[in-house]
Amino acid sequence: MPASGARPVAHDPVRCAFMSHEAHITRFAPSPTGYLHLGNARTAFFNFLAARAGGGCLVLRIEDTDAGRSEEHLLAQLLEDLRWLGLEWDEGPDVGGPHAPYRQSERGEQYSAAIATLKQKGLVYPCFCTPEELQLSRRAQLAAGRPPRYAGTCTRLPDAEVAARVAAGQSPAMRFRVPPGRGGEFDDRIHGPQRFATDDIGDFVVTRADGSAAFFLSNAIDDAAMGVTLVLRGDDHLANTPRQILLLEALGLPIPRYGHLPLLLGPSGSPLSKREGAAGLHELREQGYLPSALCNYLVRLGHACGTDDWLEAADMPAHFHLERTSRSAARFDEAQLRHWQREAVGHASAGELVAWLGSRLERLGSAARIDAFVAAVRGNLLFPDDAVPLVAIVCDDGVRPDAEAAAAIENAGAEFFRTAAREWSSSAGDFKAWTRSVGTATGQKGAALFRPLRAALTGLTHGPELAPLVALMGAARVESRLAAAAERAGGKSRE
RNA sequence: GCUCCCAUCGUCUAGAGGCCCAGGACACAGCCCUCUCAAGGCUGGUACGAGGGUUCGAAUCCCUCUGGGAGCGCCA
């Protein structure tokens with residue numbers, strides 16, 4: 001990964017011209033009001049990839065202007081989840097940077113300055129309309145079949161009236177005066193050229209009655225102030241972009257490039273919401289999904305990354321191409337995620353798996369036993385909890401066969417297990433030699449030989465390769481389980 | 001209601017007028033391999049939303065419709 005704050009390369013136009021990827025300054029700007037869902041996570045990830053692909057950088061900005069709802073622990077959680085996913089940002093609230101602060105709650109002065117400029121230019125006016133009045137007006141317009149836009153009640157209040165109402169204790173919101181009769185355009189990096197007419201846009205609030213900056217303003221001017229060159233965000237902002245462009249133009253600030261990513265849909269095909277539990281990044285993490293699985297899934301969700309093969313995190317930026325991004329919504333499909341989870345487990349190092357399995361391995365005791373266990377069972381794990389019954393096979397005293405295993409045991413008969421026990425004592429714990437001699441002595445081979453042994457030893461008819469499991473469980477368990485199987489088979493056959 | 005966005009297998013996608021009676025991956029089904037499961041190998045079914053154009057030729061271009069979504073907030 002490029003070093004933090006490695007920005008010089010990104011700004012060198014000559015250098016950029018020779019690179020296949022553009023160097024973008026991208027940003028992710030979440031508000032810490034809840035857990036990240038997969039859609040946001042993907043937006044963050046794409047911004048990260050777009051930045052890394054061209055040697056640019058990623059800015060993390062926290063939009064915590066909704067002071068009441070933003071909680072400190074949610075912010076910490078957010079940062080942790082992003083890091084867990086493997087994202088790294090070059091500037092942000094925790095790492096600092098040249099455009100600090102990175103929390104909007106601390107950027108009040110910047111917004112005040114912008115408002116002052118707007119006021120000076122006469123592009124903004126105080127609005128005393130109450131939420132109730134606005135609501136009413138909106139409803140009336142809708143009922144009349146008109147677009148619900150600001151009716152213009154306060155557009156031209158005389159200075160005297162404004163002064164009087166302020167003196168009377170009313171505090172106005174500030175609205176941006178949208179220039180009438182104009183057109184505009186911008187080139188969306190994903191959707192292509194977009195046109196808009198200012199007559200379709202009503203005057204919008206730029207400062208709330210309490211003096212705080214509203215989203216359109218804070219978001220747009222922070223992008224400009226932080227040198228962001230590419231804004232990758234959800235499709236739901238496409239129709240908002242003209243307002244931000246108007247604002248930026250009015251302030252004489254640079255307008256970034258915009259790219260609007262299609263929304264992510266839940267399994268049902270409706271937009272992802274906080275309620276669709278399975279799609280929360282944190283929930284997926286708690287279920288045991290590995291970050292590398294998530295990343296491999298996400299690079300292909302709404303993006304043609306060009307390969308169906310497993311990608312290591314370090315190789316992902318090179319496989320990311322903005323122009324390969326889909327314009328239509330993509331659906332979250334857990335079956336597909338599970339596939340990448342399987343791959344992820346397969347590609348993980350032994351150390352990673354040990355950490356992933358955590359306390360579930362405690363009963364194994366020594367590090368050597370843990371390593372041997374992980375090597376033996378890794379092919380049978382999809383989630384950490386899958387290890388629990390396998391640990392039990394190795395560490396529990398007895399084993400309770402499931403229905404299929406019980407049937408297999410009864411089928412083999414008591415004599416089979418008495419023979420197996422006899423051969424075990426003379427094979428000195430050599431699994432191969434043991435099964436070979438059991439086969440010879442009983443005349444069984446293949447499934448007829450291994451299935452009952454597996455059933456007796458593990459209580460299951462499926463599972464990891466038997467040999468390493470047997471080595472891990474030790475001679476005493478093998479002996480007692482063979483005896484138990486003989487008893488079960490004998491008892492049943494007599495009934 | 002108005003403005004805007006989107007539309008290929010069940011899902012993710014390839015496809016930028018002939019290479020496509022549409023390819024890959026996941027999922028599903030069958031077979032093979034195998035001590036079982038998983039993996040792997042092979043095989044199979046399933047898609048260009050509808051209707052009009054343009055063209056010698058359209059999944060690809062244009063129009064209409066249909067369906068889905070977003071925006072029109074003192075939410076972000």
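Order of the sequence lines fixes the chain letters, A, B, ..., with proteins taken first and strands second; residue numbering starts at 1 for each chain.
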Please determine if [X] forms a cation-pi arrangement with [Y], meaning its NZ or CZ atom is less than 6.0 Å from the six-membered ring centre and no more than 45° off the ring axis.
X	Y	result
A:R165	A:F128	yes
A:R418	A:F416	no
A:R27	A:W89	no

Practice item. Could you check which of B:A27, B:A14, B:C4 has an atom nearest any side-chain atom of A:A335? Key: B:A27
**Study point:** Distance test, side-chain N/O of A:H303 to OP1/OP2 of B:U13, below 4.0 Å
**Key:** no
Exercise for review: Would you please name every residue forming a salt bridge (charged side-chain N to carboxylate O under 4.0 Å, His left out) with A:R360, sequence neighbours left out?
Suggested key: A:D385
Revision key, fill the gap. Residues at least two apart in sequence or cross-chain that pass salt bridge (charged side-chain N to carboxylate O under 4.0 Å, His left out) with A:R156, listed by chain then number, are none
Check your understanding: How would nucleotides 67-74 of chain B be written as a contact map, 5' to 3', with B for base contact, S for sugar-phosphate-only contact and - for no contact, using protein heavy atoms under 4.0 Å?
Key -> --SSSBSB
Revision key, fill the gap. Going 5' to 3' through nucleotides 35-48 of chain B and flagging B where a protein heavy-atom sits under 4.0 Å of the base, S where only the sugar-phosphate is that close, and - otherwise, we get BBBSS---------
[N]: pairing nucleotide in any strand, Watson-Crick or G-U under 3.5 angstrom:
N	value
B:C20	none
B:A7	B:U66
B:G73	none
B:C35	none
B:U46	none

Can you check the distance between [N] and [M], where both ends of the measurement are the [atom1] atom (answer in whole Å)?
N	M	atom1	result
B:U46	B:U8	C1'	13 Å
B:A59	B:G52	P	14 Å
B:G57	B:C21	C1'	15 Å
B:G15	B:U60	C1'	8 Å
B:C28	B:U36	C1'	22 Å
B:C20	B:C48	C1'	10 Å
B:C6	B:G49	P	15 Å

Could you check how far [atom1] of [X] sits from [atom2] of [N], rounded to whole Å?
X	N	atom1	atom2	value
A:L74	B:A76	CG	C1'	15 Å
A:R338	B:C12	CZ	P	16 Å
A:D309	B:C12	CG	P	21 Å
A:N296	B:C26	CG	P	13 Å
A:D333	B:C26	CG	P	12 Å
A:E323	B:A14	CD	C1'	15 Å

Which residues share a side chain to side chain donor-acceptor pair (under 3.5 Å) with [X], sequence neighbours left out:
X	value
A:Q194	none
A:R477	none
A:R138	A:Q135
A:N47	none

Review point. Using a cut-off of 4.0 Å on non-hydrogen atoms, how would the nucleic acid contact of A:R139 be classed: base, sugar-phosphate, or nothing?
Key: nothing
Which atom pairs, donor and acceptor, lie under 3.5 Å between side-chain atoms of residues 145-152 of chain A and protein residues at least two apart or in another chain?
{"residue": "A:R149", "atom": "NH1", "partner": "A:D200", "partner atom": "O", "Å": "2.9"}
{"residue": "A:Y150", "atom": "OH", "partner": "A:C154", "partner atom": "N", "Å": "3.1"}

Tabulated below should be each protein N or O lying under 3.5 Å from an N or O of nucleotides 29-33 of chain B; please produce it.
none

Pick out the pairs of N or O atoms, protein on one side and nucleotides 22-25 of chain B on the other, that lie under 3.5 Å.
{"residue": "B:G24", "atom": "O2'", "partner": "A:D308", "partner atom": "OD2", "Å": "2.5"}
{"residue": "B:A25", "atom": "O4'", "partner": "A:D308", "partner atom": "OD2", "Å": "2.9"}

Check your understanding: Do A:H37 and A:F332 have ring centroids that are under 6.0 Å from one another?
Key -> no
**Study point:** Aromatic contact, A:Y289 with A:F383 (centres under 6.0 Å)
**Key:** yes
Check your understanding: Within the distance-only criterion (no hydrogens, no angle test), does the side chain of A:E423 pair as donor or acceptor with the backbone N or O of A:A420 below 3.5 angstrom?
Key -> no
Point to revise | A:E352 side-chain N/O to A:S349 backbone N/O, donor-acceptor pair under 3.5 Å | key: yes
Exercise for review: Scan for salt bridge (charged side-chain N to carboxylate O under 4.0 Å, His left out) pairs involving residues 174-196 of chain A, sequence neighbours excluded, and state none if there are none.
Suggested key: A:E22-A:R189, A:R182-A:E249, A:E185-A:R195, A:D187-A:R257
Study note, to complete from the structure: Assert: residue with more 5' nearest nucleotide on RNA chain B, out of A:Y297 and A:A144, is A:A144
Exercise for review: Could you tell me the separation between the CG atom of A:L453 and the CZ atom of A:F417, rounded to the nearest 0.5 Å?
Suggested key: 6.5 Å
